Student: 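First the structure, which I've put down as structure tokens, then a few questions once you've had a look.
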Amino acid sequence: MAIQRSTLRKTLLAALIADILLAGGAHAQTSDEPVVDPSAKVVVSGIRASLSSSLNTKRQQDGVVDAVSAEDAGKFPDTNIAESLQRVTGVQIQRNGGEGRYISVRGLGPEFNNVLVNGRTMTSDTGGREFSFDLLSSDLISKALVYKTSQPFLPEGGIGSTVDIQTARPLSGKVGHSSVVNASSAWDSNSKKYTPNASGMYSFANEDRTFGVTGSLSYTDRASKQNKAINDAWNYRDVSMINGDLNSRGLTMADVTTRKLYMPQSYGFQQEDESRKRVVGNLTVQYNPSPTWKLTADGLYSRLDQNNKIIAFSDWNNPVQLGVKYDQNDQVTSFLRPGSTFYANNPAIAGAGKLLGEANSNDMIAKGGDRLSITKAFGLNSKWKVGDEWRIEGDISTSRTTSDSNDMWVVAGMIPKNGDTLTFGSTPTITFGDNIADPNNVSAHAVSNGDIRNTDKLHEGRLSAAWEHEIGFFKGLDTGLAHSQRKVDRTKWGNDAWNAFSGYHVKLPSSLFTVQQMDDFMNTGGKIPSQYLSFDPYAYMNYLNQPSLLPQSNDPAYYSDLTRFPNGPMAIDYTKPSMWAVKEKVSSFYVDSKWEGSGWSANAGVRVVRVKSTSTGISRELLSAVKSPNDTTFISVWGPNQVTTVQNSYNSVLPSANIKFDLRSDMLLRLGASKTETRPTLNQLGVENWYGGRFGDVQTGGGNPYLKPMQSKNFDVSYEWYLSKTNYVSAAVFMKKVSDFLETTIVDMRIPQFNEIVHDSRVRNGQKGKIKGVEIAGQYAFDTSVGWLQGFGVSANYTYVDASAQRETDNVATPSCGYPGLSPQSYNGSVFYERGDFQARVSYNWRNHFSVDCGGGSTQARNRSAYGQTDASLRYNLTPNLAIYADAINIANSRTHEYAVNESQFLTLEDVGRRVSVGLRAAF
């Protein structure tokens with residue numbers, strides 16, 4: 001009878017899960033081989049095998065851990081690791097061109113999550129600590145573990161989580177020779193292009209499992225296109241409103257009123273054609289000299305070559321406009337943007353030195369987006385078992401990432417004759433009064449051309465020992481020490497000629513421009529021009545760089561000076577680098593005690609960390625900044641290079657404890673408490689300064705070498721009910737008390753080079769507060785409980801996060817902004833079907849709105865709307881060793897939308913399209 005009641009409870013619970021949860025799919029194993037339940041009557045494979053492995057991982061850990069695993073070699077659940085991790089409870093991702101690149105966990109952004117590969121820190125191409133998941137191919141990964149509660153053995157740095165990505169190990173797989181080959185073709189709905197993808201893996205392990213080798217190689221090619229509607233910012237500023245329309249004549253200053261309003265900075269459209277080629281290789285060799293000694297050597301190589309052709313065209317909105325309308329919140333809702341005809345008809349307010357001193361323009365902007373990133377990593381691990389009670393492990397590794405990217409912002413434009421009409425709300429509209437696709441009406445404007453190279457080098461080593469010894473409840477000690485040395489440097493070269501031809505006074509030949517078609521992607525009613533002009537920025541700069549054209553520049557004597565510009569003002573000057581470098585040395589020690597009694601187990605310990613950083617920069621001093629005669633930007637005069645060095649150091653003591661109670665044989669309760677920290681990313685510690693903006697809106701920024709780590713006191717409670725080897729439900733409550741939170745803030749100040757207020761933007765230790773939340777998760781495979789649903793299964797999770805922050809209100813414009821990157825709610829769900837040789841899965845992932853940044857000065861905050869995406873996959877086994885598959889990404893063509901303080905303050909709408917991949921997998 002008791003057995004029947006238990007079965008009934010689980011069947012009713014299954015129906016409840018099916019009704020309320022829809023969920024996200026695959027987790028993963030943490031042990032080398034899945035633990036088999038001897039009481040099981042069903043042999044699981046495929047999707048169920050992954051779910052079973054993940055459940056075994058979750059159940060066996062000391063703390064709260066989730067995972068994603070490959071069912072078999074070369075069968076990771078998704079084409080991108082980040083896209084698999086987003087189905088872990090509390091994990092959200094940020095996409096780059098529609099592909100997952102960064103993760104956030106429990107509301108904390110990518111820089112607050114420590115990402116390891118085979119237990120080691122990997123260098124990055126970002127110049128910071130955030131890990132780019134698009135550098136690795138998912139075909140080479142066996143599992144990824146997400147540690148949500150801290151433990152002393154984990155490297156410090158992950159307030160949000162620690163993620164350990166593990167590659168395949170030959171001695172954990174099959175004996176003998178085995179190989180896997182994947183080949184597929186991917187189609188992008190926006191670019192309308194097909195691209196090839198291929199991967200292969202070979203593994204060998206001898207009969208005694210004393211020697212093994214695994215090698216893998218992956219090639220990914222993707223051609224995509226992103227369409228965007230863009231407003232750069234909303235600013236609270238004095239707006240001069242001219243009372244009239246585009247046909248008005250003879251207006252004077254009596255027809256002008258001034259009022260402080262929320263004003264959009266610009267509006268236009270952008271089209272980005274992207275090619276992304278990635279090669280990833282991995283080699284692992286394992287050798288066991290004796291039953292008590294195991295050696296593992298790893299090597300990893302990744303090369304990502306991303307090429308982008310980005311053209312934007314937009315209106316720059318000066319704070320002087322015609323026929324301005326605004327709402328009860330002092331927010332501009334529409335205006336007329338006057339052209340040259342209006343200037344000619346109203347000489348009392350238009351012209352040099354008058355209200356309308358600078359002509360409006362329709363700009364075409366070529367932006368930099370290329371990225372070449374190469375990562376090389378090597379590691380050696382040795383494990384010894386010394387007697388019955390001692391285990392010793394040593395690990396040394398090195399990693400190096402180099403990246404090269406162009407820093408380009410090249411502007412050409414037109415002075416409109418008839419003027420433009422703009423409306424602003426949740427979906428803005430623009431009506432151009434002139435033909436913006438006329439190549440005969442384009443003039444030169446501002447040019448910034450730069451080359452940025454980043455290098456990230458890391459050497460680390462660790463030594464740990466485990467003592468297994470029982471004295472009552474005491475079961476042993478783990479202890480270890482580690483040391484790492486990391487250096488990140490960034491070097492930038494530029495052309496120093498932003499304003500050489502700014503002001504639209506130099507006509508350009510039509511041969512530099514090509515008429516292009518624009519996709520009508522704003523199906524919400526926004527008007528999009530059917531055509532626009534595209535141009536090659538290098539051909540444009542070469543044209544301006546001709547000596548015969550320099551007399552038409554804004555300062556002919558200055559820009560013709562060969563001692564300053566030996567190759568012309570448009571050329572990058574590689575003799576004058578701007579450079580910063582940060583070297584960081586970290587030494588740590590930990591001790592962790594193990595305890596166990598009847599129905600409970602626990603660990604408690606502490607990690608002690610010593611950090612020393614040295615920040616060095618080489619840059620030129622800004623001597624003065626003079627307003628350009630034809631524009632509202634500045635001509636900068638620079639002094640010689642200067643070297644600056646700053647040192648910083650600090651110590652941290654990070655205790656942690658976890659306890660697990662076996663409430664029943666199938667039910668667990670976990671409690672956790674810890675103190676964790678996230679160190680500033682290395683690019684935040686630089687000593688460089690930059691200067692920009694326009695007259696009336698001067699901006700500066702740079703690094704901050706005096707930053708302290710953000711720290712958090714964490715408390716966790718987790719309840720888990722294991723219904724079977726595949727099915728479970730769980731609930732968790734967590735709270736984080738954070739201090740010295742790291743975020744970009746803007747402080748208004750004065751500096752001698754400018755005679756007005758300067759908005760200084762850089763990362764500061766700005767706030768303290770609380771992050772608290774709830775996680776609910778479950779998965780259920782309907783194998784025997786509901787007969788007519790046999791083969792089906794569901795998995796789902798939901799996370800709610802509530803955060804409060806205390807900021808110094810003079811640092812930011814919006815003290816109620818909250819934590820950048822934190823979504824109050826997120827959930828994901830999957831429905832899968834697996835029977836015989838056929839597998840299918842549909843997944844939906846959703847996250848609430850979140851703050852991108854808090855703005856500052858006169859600039860409003862930036863927020864991203866709620867976003868949901870549907871993906872699907874199909875698999876069919878033609879034979880036991882041959883399968884065909886298809887994956888569809890973003891089936892509903894979901895688009896990203898950003899706004900300022902409210903949804904009517906439009907900022908960005910991005911359309912990345914759909915992706916479909918069809919392939920063949922062979923195992924032999």
Side-chain angles (χ1 to χ4, degrees), residues 14 17-29 42 44-55 66-89 91 93 98-100 138-139 141-144 182 184 186 197 725-728 777-783 786 789-798 826-846 868-878 883-894 914-921:
I17 295 172
D19 265 347
I20 22 186
L21 300 180
L22 283 173
H27 302 277
Q29 64 193 48
V42 179
V44 295
S45 62
I47 296 174
R48 287 169 175 77
S50 290
L51 297 176
S52 179
S53 296
S54 72
L55 217 54
D66 285 305
V68 181
S69 75
E71 171 203 339
D72 201 352
K75 292 180 69 176
F76 205 69
D78 293 270
T79 56
N80 179 281
I81 303 169
E83 290 167 1
S84 283
L85 287 172
Q86 73 179 330
R87 284 194 280 278
V88 171
T89 313
V91 177
I93 70 171
E99 184 175 344
S138 61
D139 291 331
I141 307 304
S142 64
K143 53 192 168 186
N182 268 308
S184 65
N197 301 275
K725 63 185 296 183
T726 306
N727 307 333
Y728 85 103
Q779 64 189 33
Y780 201 93
F782 298 92
D783 290 321
V786 183
L789 287 176
Q790 190 170 3
F792 283 95
V794 295
S795 176
N797 59 70
Y798 167 81
S826 63
Y827 63 83
N828 65 73
S830 291
V831 177
F832 65 85
Y833 178 81
E834 182 180 31
R835 199 162 184 181
D837 294 321
F838 180 73
Q839 298 177 21
R841 184 186 67 201
V842 178
S843 300
Y844 181 73
N845 297 274
W846 181 89
Q869 180 170 307
T870 304
D871 306 325
S873 63
L874 299 173
R875 300 285 188 276
Y876 183 75
N877 298 323
L878 300 172
I884 55 174
Y885 60 88
D887 296 313
I889 308 298
N890 195 20
I891 295 174
N893 195 26
S894 299
R914 304 173 177 89
R915 301 200 318 268
V916 178
S917 178
V918 178
L920 188 69
R921 179 183 185 274

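These numbers come from a predicted model, not from an experiment. Values reported hereafter were calculated over all heavy atoms of this structure, with side chains retained and with hydrogens, waters and symmetry mates removed.
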Student: As an exercise, state the distance from CD of Gln779 to CZ of Arg48, rounded to the nearest 0.5 Å.
Tutor: 11.0 Å
Student: Tell me every residue that passes side-chain contact (heavy atoms from CB on, under 4.5 Å) with Tyr885, counting only those two or more places apart in sequence or in another chain.
Tutor: Asn182, Ser184, Arg875, Asp887, Arg921
Student: Identify the heavy atoms of Tyr833 and Gln790 that sit nearest to each other, and give their distance.
Tutor: CE1-O, 3.8 Å
Student: With side chains defined as the heavy atoms from C-beta onward, is the minimum distance between Asn845 and Arg87 less than 4.5 Å?
Tutor: yes
Student: Of the non-hydrogen atoms in Ala781 and Asn727, which two are nearest, and what is the gap between them?
Tutor: N-OD1, 2.8 Å
Student: CG of Asn828 to OG1 of Thr89: how many Å apart, nearest 0.5 Å?
Tutor: 7.0 Å
Student: Do you know which two heavy atoms are closest between Ile889 and Gln869, and how far apart they sit?
Tutor: CG2-NE2, 3.5 Å
Student: May I ask you to decide if the ring planes of Tyr827 and Tyr844 are parallel, tilted or perpendicular, using 30° and 60° as cut-offs?
Tutor: tilted
Student: Would you name the heavy atoms of Ala67 and Val88 that are closest together and state the gap between them?
Tutor: O-CG2, 4.3 Å
Student: Would a 4.5 Å heavy-atom cut-off, applied to side chains only, mark Asp871 and Arg841 as touching?
Tutor: no
Student: Between Ile891, Asn893, Asn890, which is the residue that forms a side-chain contact (heavy atoms from CB on, under 4.5 Å) with Thr870?
Tutor: Ile891
Student: So how far is it from Ser84 OG to Lys143 NZ, rounded to the nearest 0.5 Å?
Tutor: 15.5 Å
Student: So which atom in Ala144 and which in Leu85 form the shortest heavy-atom distance, rounded to 0.1 Å?
Tutor: CB-CD2, 4.1 Å
Student: Taking only residues two or more places apart in sequence or in another chain, which ones pass side-chain contact (heavy atoms from CB on, under 4.5 Å) with Ala883?
Tutor: Asn877
Student: Ile93 and Gly100: which non-hydrogen atoms are nearest, and at how many Å?
Tutor: CD1-CA, 4.0 Å
